[in-house]
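Below you'll find the structure I mean.
No experiment lies behind these values; they were computed from the predicted model shown.
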There are 2 protein chains.
Amino acid sequence: MTNKRKELKKVAIDAVQRSGLQNLSFRTLADQVGVKSSSVHYYFPEKADLAASLIESYTDSFVEMLNAIDKKQLSLSDTIDAFIKIFEDVVKAKKFCLCGMMAAEVAMLNDANRSLLSNYFKILENWLSVHFENHKDQIDSAYSPETLAQIVLSGLEGAILLDRVENGQVRLNAQRKLIKVLINNG
Amino acid sequence: MTNKRKELKKVAIDAVQRSGLQNLSFRTLADQVGVKSSSVHYYFPEKADLAASLIESYTDSFVEMLNAIDKKQLSLSDTIDAFIKIFEDVVKAKKFCLCGMMAAEVAMLNDANRSLLSNYFKILENWLSVHFENHKDQIDSAYSPETLAQIVLSGLEGAILLDRVENGQVRLNAQRKLIKVLINNG
DNA sequence: GTCTATATACAGATAGAC
DNA sequence: GTCTATCTGTATATAGAC
């Protein structure tokens, strides 16, 4: 992949995490990278192509972070803490999850991009689910690993969405507290 | 308030819940109500005025629903079920919470509208919090009423955001399960 | 690959007639 | 209150030169 293409994607992802895909134009994206909008169209013919590329890149980056966590062989508690920290970093950067943002904009996405979005959430839930399954003795027996994964992910997404409004992290901390209790009630 | 103004707000709220404020134009709004865009500007000079009016109306409607629930004098469990049902109805209508949607679009809002958004979330959390406080013996003692309210609201918002993508309600059901356990662990 | 130039559509907003 | 008409800016997208 060329450097310009990489740079465009990096800048675009940042922009979408701040103000959404709808608010990102080929012009402003081009300006930020120092090219013309027609050059952006060279890499991404239509906006849907750009969107697809962003979701894929964002998913790949996230998976890399998850692999890095796995490599450390931490306890379940520390593993989930590391997962939560990814969301905390997003809040601190005054951003929202790229896929959470696009989930809000789902009405404007085509079917292919909806599938890519769905895939992202399922990958995260699956990663959580596997960890819960592997330490089933440590999670609250009231929930299956799958259900707990859904609770954790949707809780974190909702928390950083609401916290954005006040530029704080009270809901994120509330979710952190919840998760802490849920994985020590085994 | 005039009928046209009321009608414009109703149509606009529905549109924002589906595709966001950014995607709502004076033109399309006018078309749906059968007037010209300049007439919409008569009622709402700037788009920020429209946004403010929508948040206020949506908040008022929600408070009315909460009051209706209170009037029934239900058990804590049934009260919270009724609260969850409001979110379920939103999912079933293939919509998202108007304020959750605008929270994603917060970068494009002015300070006044951010305050209105913040106010909405606090009203909902406060309502939940009061109910938890009034039945403190029925809630999991690991959480304060305030923290539990934050957990519940952010969890539900995140759930209906993610469920939108697949047009399902698995995360909503997961959150429902969680909440059921949390308010019977007293 | 990157550019200039342009087509076409639509956005928010306002002036002024009725 | 609602309209016509219009201004100005910006959006996505493409053709074609270099």
Side-chain angles (χ1 to χ4, degrees), chain A residues 1-55 57 101-102 104-114 116, chain B residues 1-55 57 101-102 104-114 116:
Chain A
M1 179 160 51
T2 63
N3 281 344
K4 273 278 180 265
R5 186 184 174 86
K6 223 182 256 182
E7 201 182 341
L8 285 167
K9 279 162 68 170
K10 189 183 163 190
V11 171
I13 287 174
D14 187 82
V16 173
Q17 286 192 260
R18 292 179 194 284
S19 52
L21 183 69
Q22 195 80 359
N23 196 49
L24 176 70
S25 74
F26 282 81
R27 274 173 164 78
T28 58
L29 174 56
D31 287 348
Q32 282 180 274
V33 177
V35 293
K36 293 295 167 182
S37 67
S38 48
S39 297
V40 182
H41 278 286
Y42 167 76
Y43 291 105
F44 311 100
E46 295 184 22
K47 201 169 185 183
D49 301 314
L50 175 61
S53 189
L54 300 186
I55 301 171
S57 280
M101 185 67 85
M102 289 204 191
E105 299 177 294
V106 75
M108 280 85 75
L109 299 181
N110 60 27
D111 284 347
N113 284 338
R114 287 180 200 197
L116 289 174
Chain B
M1 182 158 52
T2 63
N3 280 343
K4 273 278 181 261
R5 186 184 174 88
K6 221 183 257 184
E7 201 181 343
L8 284 167
K9 280 163 69 171
K10 189 183 163 190
V11 171
I13 286 174
D14 188 81
V16 172
Q17 286 191 260
R18 292 181 194 280
S19 53
L21 183 69
Q22 196 80 359
N23 198 48
L24 176 71
S25 73
F26 281 80
R27 273 170 163 80
T28 59
L29 175 56
D31 287 348
Q32 282 181 274
V33 176
V35 293
K36 294 294 167 183
S37 68
S38 49
S39 297
V40 182
H41 278 285
Y42 167 77
Y43 290 106
F44 311 101
E46 296 184 21
K47 202 169 184 184
D49 301 314
L50 175 61
S53 188
L54 300 186
I55 302 170
S57 280
M101 185 66 85
M102 289 205 190
E105 299 177 293
V106 74
M108 280 86 74
L109 299 181
N110 61 27
D111 284 347
N113 284 338
R114 287 181 198 196
L116 288 175

Met108(B) CE to dA11(D) P, straight-line distance once rounded to whole Å: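 Going from Met108(B) (CE) to dA11(D) (P), I get 12 Å.
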Non-hydrogen side-chain atoms of Arg5(A) and Ser53(A) separated by less than 4.5 Å: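 With C-beta onward as the side chain, the pair touches.
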Test item: Glu105(B) and Ser19(A) side chains (from C-beta on) under 4.5 Å apart, heavy atoms: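 The answer is no, as the side chains (C-beta and beyond) never meet within the 4.5 Å cut-off.
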Nucleotides bounding contact with chain A, strand DNA chain C, heavy-atom threshold 4.0 Å: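 That gives a stretch of dG1(C) to dT4(C).
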Ignoring hydrogens and angles, write down the donor-acceptor pairs under 3.5 Å from the side chains of residues 31-48 of chain A, residues two or more places apart or on other chains.
unit_1	atom_1	unit_2	atom_2	d
His41(A)	ND1	Pro45(A)	O	2.8
Lys47(A)	NZ	Leu21(A)	O	2.8
Lys47(A)	NZ	Leu24(A)	O	2.7

Among Lys10(B), Lys6(B), Lys9(B), side-chain contact (heavy atoms from CB on, under 4.5 Å) partner for Ser57(B):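 Of all the options given, the one that passes is Lys9(B).
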For Met101(B) against Gln17(B), the heavy-atom pair lying closest together: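 Closest heavy-atom pair between Met101(B) and Gln17(B): CE-O, 3.6 Å.
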DNA chain D-proximal residues of residues 37-50 of chain B, any heavy atom under 4.0 Å: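 Under 4.0 Å from DNA chain D: Ser38(B), Ser39(B), Tyr42(B), Tyr43(B).
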Shortest non-hydrogen separation from Met102(A) to Val16(A) and the atoms involved: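 That closest heavy-atom pairing would be CE-CG1, 4.0 Å.
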Residues which pass salt bridge (Lys or Arg N to Asp or Glu O under 4.0 Å) with Arg18(A), listed by chain and number, not counting sequence neighbours: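 Per chain and number, Arg18(A) pairs via salt bridge (Lys or Arg N to Asp or Glu O under 4.0 Å) with Asp14(A).
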Inter-residue atom distance Glu7(A).CD - Leu29(A).CG, 0.5 Å rounding: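 The CG atom of Leu29(A) is 9.5 Å from CD of Glu7(A), to the nearest 0.5 Å.
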Spacing of Asn23(B) atom CG and Asn23(A) atom CG [to the nearest 0.5 Å]: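 Answer rounded to 0.5 Å: 11.5 Å.
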Sorted by number, the residues of residues 14-27 of chain A with heavy-atom contact under 4.0 Å to DNA chain D: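 Of all residues in residues 14-27 of chain A, the ones placing a heavy atom under 4.0 Å from DNA chain D are Leu24(A), Ser25(A), Phe26(A), Arg27(A).
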Spacing of CG belonging to Leu8(A) relative to CD1 belonging to Ile13(A), to within rounding of 0.5 Å: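 Interatomic distance, Leu8(A) CG to Ile13(A) CD1, rounded to 0.5 Å: 11.0 Å.
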